[in-house]
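Here's the structure we're looking at; comments come further down.
In this chain, residues are counted from 1 in sequence order.
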Amino acid sequence: YGQDVVKHYLLLGRVVKAESVADRISTEPDSYDQQDGYMQIADHYIAAKNGRDARRILEKAFGVARKIKFEHLPQHRVG
């Protein structure tokens, strides 16, 4: 799963690579679970007291979440 890859890149200190992976797994509006990578990165930035980058990541995640909300209504969900 992509969010596991993000987690491991963060553990290695490769935040830019982690964000790149999160971007790739979050482009298909399918489920809120895809945003987990972004949340991990935001948590990383918050722990590092880097509010600017945490806010930037959260804005990305919320932008995709809004897209999910409008493109996939609950009744259209499979599974």
Side-chain angles (χ1 to χ4, degrees):
Y1 293 110
Q3 64 266 31
D4 293 330
V5 175
V6 169
K7 176 183 174 182
H8 291 291
Y9 275 125
L10 289 173
L11 290 172
L12 292 170
R14 300 196 54 201
V15 183
V16 172
K17 186 66 175 175
E19 186 174 341
S20 174
V21 171
D23 287 342
R24 283 197 303 272
I25 64 173
S26 296
T27 56
E28 302 259 342
D30 186 31
S31 81
Y32 288 101
D33 292 339
Q34 291 176 326
Q35 302 313 305
D36 184 54
Y38 284 141
M39 296 301 110
Q40 290 180 54
I41 297 167
D43 286 345
H44 169 84
Y45 283 132
I46 290 166
K49 301 198 184 316
N50 183 344
R52 183 181 59 86
D53 282 328
R55 193 172 312 110
R56 179 179 59 79
I57 292 295
L58 290 172
E59 286 172 2
K60 257 191 206 188
F62 293 144
V64 175
R66 279 191 293 274
K67 187 175 175 184
I68 292 168
K69 178 181 175 187
F70 293 113
E71 289 186 11
H72 293 281
L73 299 173
Q75 63 269 30
H76 297 150
R77 200 100 201 218
V78 176

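Separating the CG atom in L11 from the CD atom in Q40 is a distance of 8.5 Å, to the nearest 0.5 Å. Note that the NE2 atom of H8 and the NZ atom of K17 stand 15.0 Å from one another [nearest 0.5 Å]. Residue R56 holds its CZ atom at 7.0 Å from CZ of R52, rounded to the nearest 0.5 Å. Atom CD1 in I41 sits 12.0 Å away from atom CD1 in I46 (nearest 0.5 Å). Note: I25 CD1 to Q3 CD = 5.5 Å, rounded to the nearest 0.5 Å. For the atom pair D36 CG and D4 CG, the distance stands at 8.5 Å (nearest 0.5 Å).
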Problem set entry | Chi angles and distances behind the side chain to side chain contact (heavy atoms under 4.5 Å, CB included) call for E19, V6 | CA-CA 7 Å; E19 186 174 341; V6 169; over 6 Å; no

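A54 approaches A42 most closely through the heavy-atom pair CB-O, 3.9 Å. When all heavy atoms are compared, the tightest approach of Y38 to I57 is O-CG2, 3.2 Å. Closest of all the heavy-atom pairs between G37 and A22 is C-CB, 4.2 Å. Across every non-hydrogen atom of Y9 and A18, the tightest pair is CB-CB, 3.8 Å.
Salt bridge status for K60 with D23: present, with a side-chain N to carboxylate O gap under 4.0 Å.
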